[in-house]
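Note sheet for the following structure.
Predicted model, so just to flag it, every value in this text is computed and none were measured.
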Amino acid sequence: MLRLGFIIGLMAIIGLVLSGLAAMKVYDQELSIGRIDLARSVDTHASLVQERLSERELLARVAVGLFRSPSINMANALQPLRSSIYAFKTDFLVASWVARIPRADFGRAQNELKTAGFPNPTLRSANDTPLNPAAVPDPATVVMDVEPQNDETKAFVGRVLNNHPVIAPMFNRAVEEDRPVSSDPFVLLRTGGPMGIVLASPVRADTGPTVAGFLTISYRLAPLMLTNDELSLFSVALRDPRNASDNLIADAEGNVKSVPLQLDADNPPLLRVVSFGARDWTLIYYAKTNAATRAQELAGIVMLIGAALTLIFCGLFGYVSYNNIRLSREIQTRIDFERRLTAVIDELNHRVKNILAVIQSIVTRTMRHGADIDVARELLIGRIHAMSHVVSLLSESQWQGVKLKGLFESRAIPHADRIALTGPDITVSARAAQSLSLLFFELASHADEGLSLVGKHPHIVAGWTVSDEPDPVFHFRWEEFNTSAATRRADSEFGLVLLDRVAPEALGGTSKRYFTDVSYVYELTAPMATVVDEAEMDRTERIGKPVKKKR
């Protein structure tokens, strides 16, 4: 016994060491896989964002290529370009023509705005206050046309943007670099409006190299960031170029808000840089789950499983070894042929008695059912006949199951001609067919035992359905109309046991029976996995196949 304990202890140590090594391997692999998956998802998202931004910048370049600055600063300068803008993209917020107008042409520009029908053709400052022409740089940048034109956007026409804190520096940079330039994020259209950015493209005059104005296109910031759904591995934010310690985050409704930068040493965010409007934008990706924590949890599970398996294996090994030692000692000293023969005979007698007891119980319960021996004999013969019928059906199908409607044939149950059947003709397994056959016979054999309400035989409706759920469920309903609790004879003891316990337990389901105002109802609910039992059918099919001769 001491040697056995030493062997078991050594096996336990080896098993725990192997479990620890497996847990370390799983931790390293899971951590690497988690980081790789996150990096790939982030790269894919950043590529989509860059592609989306590049499309919008290309739109601005193409639009400028199609655009021709007017010889005078027309208020409808965007008219030739409107169809082209909508042909390229339709997700911009506002497109506008901002002309650089010399101070001497202010009156002419106001006449243009008035002729175009804008509600306020007077030139004014960016915040819609009266303008002091002497304080305005020469030339001035004036909004002369917008698209789309509505009550909100028309209000911007006529405003001078030289002193705008965001747009004016963008125009100056666009002139210096002679290419489309994007602005800092700011609130568009109105106070409390959507957060967005403006892309300004300089337009050269037809007669010289000077900049005649700017074609600007405003975009909401949220669609450009391609915010993620709840199933993504990360949440994305945009580093605020106005304050590097803040992030711009879009919610599910597309509203953008500024939040402080989140720093987590254990789970640092990933950074990706995209280009738009001659500047770099930093996207910050925060992982929703910590890869290290997840790897630790999985490694812990592997360690626990390994330790549990080691303990189980050592326990089983010790148990089996101990029993083998004990049995070998007993066999060496006590075994003899006569005692073994006696034990076999006793076991055989015990099994035979059990079988006879089961048969006696079935016969006794059946014989109690009827008021006389003839009724009890008919019930016993009917139950045996019902079992015989289902065995015949199973034999015809090579024990591959039985069509459910076949269990309602007149040779199987009484009063079959008065049973209306509804439901799909599904194929049930052999075990379920035997239980359902006895169940249907028991229901049908009691359908005519009581007195009807109006002197007519009960009308019976038997129906079944299969519910569309993640795990399909079989629902069976038996209803005897023209019957009540006062007229229907109570079920026998055997019938109650079969209806309430034997049949439901055999199918792994539940049952109930009750009376309505005009009928008696029995309902059975069971999972389709036990009613159909495809595993049993597949196993029977494999066993029933002929054995191929080896060549």
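- Contact annotation: the side chain of Arg272 approaches that of Asp43 to within less than 4.5 Å [non-hydrogen atoms, C-beta and beyond].
- Shown here is Lys257, whose NZ atom has no more than 12 heavy atoms of other residues, nucleotides or ligands within 6.0 Å.
- The side-chain heavy atoms of Ile419 and Leu421, taken from C-beta on, include a pair separated by under 4.5 Å.
- At least one donor-acceptor pair closer than 3.5 Å links the side chain of Arg124 to the backbone N or O of Thr122.
- For the 3.5 Å distance criterion, the side chains of Tyr514 and Glu523 qualify, holding a donor opposite an acceptor.
- Side chains of Thr141 and His164 form no contact here, defined as non-hydrogen atoms less than 4.5 Å apart.
- Ile217 has its side chain within reach of Leu59: a pair of non-hydrogen atoms, C-beta onward, lies under 4.5 Å apart.
- With 3.5 Å as the limit, one finds a donor-acceptor pair spanning the side chains of Ser519 and Thr516.
- If you check the side chains of Gln50 and Ser54, you find a donor sitting under 3.5 Å from an acceptor.
- More than 12 heavy atoms of other shown residues, nucleotides or ligands fall within 6.0 angstrom of atom CG in Asn127.
- Within 6.0 Å of atom NZ in Lys25, 12 or fewer heavy atoms from other residues, nucleotides or ligands are found, so the atom counts as exposed in its surroundings.
- Looking at heavy atoms from C-beta onward, Leu199 lies out of side-chain contact with Val181 at the 4.5 angstrom threshold.
- Crowding of Arg40 atom CZ: a count of heavy atoms from other residues, nucleotides or ligands under 6.0 Å not exceeding 12.
- Annotation: Asn163, atom CG; neighbour count of heavy atoms from other residues, nucleotides and ligands within 6.0 Å does not exceed 12.
- With a 6.0 Å radius and a threshold of 12 heavy atoms from other residues, nucleotides or ligands, Asn150 has its CG atom above the threshold.
- Without hydrogens or angle criteria, Arg477 side chain to Val521 main chain gives no donor-acceptor distance under 3.5 Å.
- Checked by atom type, the side-chain pair Asp500/Tyr522 shows no donor-acceptor distance below 3.5 Å.
- If you look at Phe476 and Phe440, their ring centroids are closer than 6.0 Å.
- Without hydrogens or angle criteria, Arg56 side chain to Arg52 main chain gives a donor-acceptor distance under 3.5 Å.
- Between Arg204 and Asp178, at least one side-chain N (NZ, or NE/NH1/NH2) sits under 4.0 Å from a carboxylate O, which counts as a salt bridge.
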Legend entry - ring pair (Phe, Tyr, Trp, His ring centres under 6.0 Å) between Tyr286 and Phe234, worked out: CA-CA 5 Å; Tyr286 296 97; Phe234 53 82; over 10 Å; no

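- Listed by chain and number, the residues in a side-chain contact (heavy atoms from CB on, under 4.5 Å) with Ser467 are Glu469, Val473, His475 (sequence neighbours excluded).
- Asp280 has no carboxylate O lying under 4.0 Å from a charged side-chain N of Arg239, or vice versa, which leaves the two without a salt bridge.
- In this structure, the side chain of Asp145 does not engage the main chain of Trp97 through any donor-acceptor pair within 3.5 Å.
- Put simply, the side chain of Val236 reaches to within 4.5 Å of the side chain of His45, judged on heavy atoms.
- The pair Arg108-Glu112 fails the salt-bridge criterion, with no side-chain N (NZ, NE, NH1 or NH2) lying under 4.0 Å from an Asp/Glu carboxylate O.
- Salt bridge Arg190/Glu152: present, at least one basic N to carboxylate O contact under 4.0 Å.
- No more than 12 heavy atoms of other residues, nucleotides or ligands shown are found within 6.0 angstrom of CZ on Phe313.
- No donor-acceptor distance shorter than 3.5 angstrom exists from the side chain of Ser435 to the backbone of Ala432, with no hydrogens or angles considered.
- Proximity of Asp240 to Asn247: side-chain heavy atoms (C-beta onward) are nowhere separated by under 4.5 Å.
- Between Tyr219 and Phe92, the distance from one ring center to the other does not fall under 6.0 angstrom.
- Residues Phe171 and Thr216 are in side-chain contact: their nearest non-hydrogen atoms beyond the backbone lie under 4.5 Å apart.
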